[in-house]
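Report on the structure given below.
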Protein chains: 2
Amino acid sequence: MKRSSVETKAVILAAARERFAADGYDKATIRAIAADARIDPAMVMRYFGTKEKLFAAAAEFDLELPELAPDEAGAGLVRHFLRKWEADEGLQVLLRTGVTNEAAAERMRTIFGGQVMPLVLGLTGDPERAPLRASLVASQLLGMALSRYILKFPPMVAATEEELITWLSPTIQRYLIE
Amino acid sequence: MKRSSVETKAVILAAARERFAADGYDKATIRAIAADARIDPAMVMRYFGTKEKLFAAAAEFDLELPELAPDEAGAGLVRHFLRKWEADEGLQVLLRTGVTNEAAAERMRTIFGGQVMPLVLGLTGDPERAPLRASLVASQLLGMALSRYILKFPPMVAATEEELITWLSPTIQRYLIE
DNA sequence: ATTGTAGGCCAACGCGTGTTGACATTCCAA
DNA sequence: TTGGAATGTCAACACGCGTTGGCCTACAAT
């Protein structure tokens, strides 16, 4: 059977995102990704050139932060982050890989520095401490993702979205504004 | 030259802890560890049997939580965790590896579940939600370590111990008790 | 019907890995 | 002095990896 070029490329990319998200960069082998896509490993190279380039394509990601009213920014941000994590494998790909891979860590820094900081700047009249505030927000959001989705602490896994929002909102709100 | 058996074993273990802490399980090769210890790779196998067993020895870790007065528990816990992280490579070994390795993740769960939960139980009159409280504490502490020591967000790296304690204490205090 | 081309497969390469067994060296005890 | 553990080295193994180049195979235009 034969598929169109763009179709195949999309299938490979989808398989790559899944594998990178589940296993991280090193354990997600080209051969495994190719098997998932029901295709020869050589095709992956044909379409993406290199494992690193494939990863770069799979790790494409945008937080897409919405506009947030100042008094609901904490709750809104936690909710958005939770949903984004579950809907888009990109964040998981980056976190699983960024821990042992400097290039992925740099992407993380760029994403959170470049996207959360403006949010803080728009909400607080405290431009001097905005970078630290943004990092604190990132630390709590990433810590939650780490313990819920990666390390799978049972109480964090069992918690509902609303519970997590209730607990974390005041924290995020304080880091953002107070 | 010749060393005593226990001496050599200790040198290997120290090198292993450094490498596992810096690179994670997969990238820390037996050959690299052996080179650091100025010894043949075969010696590592002789003394530890297997890379997995060597890792198990290198990942030996105890949080050693102190007694904490209820009204200073948040600040005390943040301070203790920061110092523990910098003094003992065990936590870094576990975090770097736990993200892509189920066995290390399980160790993390055991350590935080088994050591933070009793602390919460001793501080709060809320046994029902103690597991969730402990996990929330873990999420913020690990999130801090992640962004400061692993992903190296510049503002988190630049922050002093006291600054971090000031910002994080209210969060931890609330997760613990309020 | 022929041919050109895009999509796909296969076998192999060089490399680094964990691991192993045979061999060398040092040291202590008899 | 000699023998035998204890300590250490060396070369090789089997394996899985990313990557490559040559070879099919189907389809569309001529």
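So that the names make sense, note that chain A is the first sequence line, chain B the second, and so on, each numbered from 1. Quantities reported herein were computed from a predicted structural model and do not represent experimental measurements.
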* Structure fact -> Closest of D:dC10, C:dC10, D:dT7 to the B:Y47 side chain is D:dT7
* Check ion pair A:E64-A:R83 (N to O, under 4.0 angstrom) -> no
* Asked: Do the side chain of B:R109 and the main chain of A:L151 share a donor and acceptor less than 3.5 angstrom apart?
  -> yes
* **Distance in angstrom units between B:L54 CG and C:dT19 C1', rounded** => 14 Å
* May I have the distance from A:D40 (atom CG) to C:dA12 (atom P), rounded to whole angstrom? => 14 Å
* Structure fact -> When A:P41 and A:R46 are each assigned the nearest nucleotide of DNA chain D, the 5'-most assignment goes to A:P41
* Please report the C-alpha distance between A:V78 and A:Q140 in whole Å, then the side-chain angles of each, then the deciding distance to 0.1 Å, and finally whether the side chain to side chain contact (heavy atoms under 4.5 Å, CB included) criterion is met. => CA-CA 10 Å; A:V78 176; A:Q140 177 61 95; over 6 Å; no
* No-hydrogen, no-angle side-chain donor-acceptor test under 3.5 Å, B:Y175 and B:S139 -> no
* Between atom CE in A:M43 and atom C1' in C:dC10, what is the gap in whole Å? -> 13 Å
* Under 4.0 Å from any atom of DNA chain D, heavy atoms only: list the residues of residues 7-32 of chain A that qualify, in numerical order. => A:T29, A:I30, A:R31
* Asked: Counting just side-chain N and O atoms, does A:S4 come under 4.0 Å of either OP1 or OP2 of C:dA6?
  -> no
* **A:V120/A:D126 under side chain to side chain contact (heavy atoms under 4.5 Å, CB included): CA gap, chis, key distance, verdict** => CA-CA 9 Å; A:V120 178; A:D126 183 12; over 6 Å; no
* Nearest-Å distance for atom pair CZ/P, residues A:F55 and D:dG18 -> 14 Å
* To do: Indicate yes or no for a side-chain donor-acceptor contact from A:R133 to the backbone of A:E178 under 3.5 Å, with no hydrogens or angles considered.
  => yes
* **A:S5 side-chain N/O to C:dA6 phosphate OP1/OP2 under 4.0 Å** => no
* Do A:R3 and C:dG8 have a side chain to base donor-acceptor pair shorter than 3.5 Å? -> no
* Is there any ring pair (Phe, Tyr, Trp, His ring centres under 6.0 Å) pair reaching into residues 15-51 of chain B, and which pairs are they, with sequence neighbours excluded? -> B:F20-B:Y25, B:F20-B:F55, B:Y25-B:F55
* May I ask you to say what A:F48 touches in the nucleic acid, namely base, sugar-phosphate or nothing, with a heavy-atom cut-off under 4.0 Å? => nothing
* A:M45 CE to C:dC9 C1', straight-line distance once rounded to whole Å -> 15 Å
* How close or far is atom P of C:dT25 from atom CD1 of B:I39, stated in whole angstroms? -> 17 Å
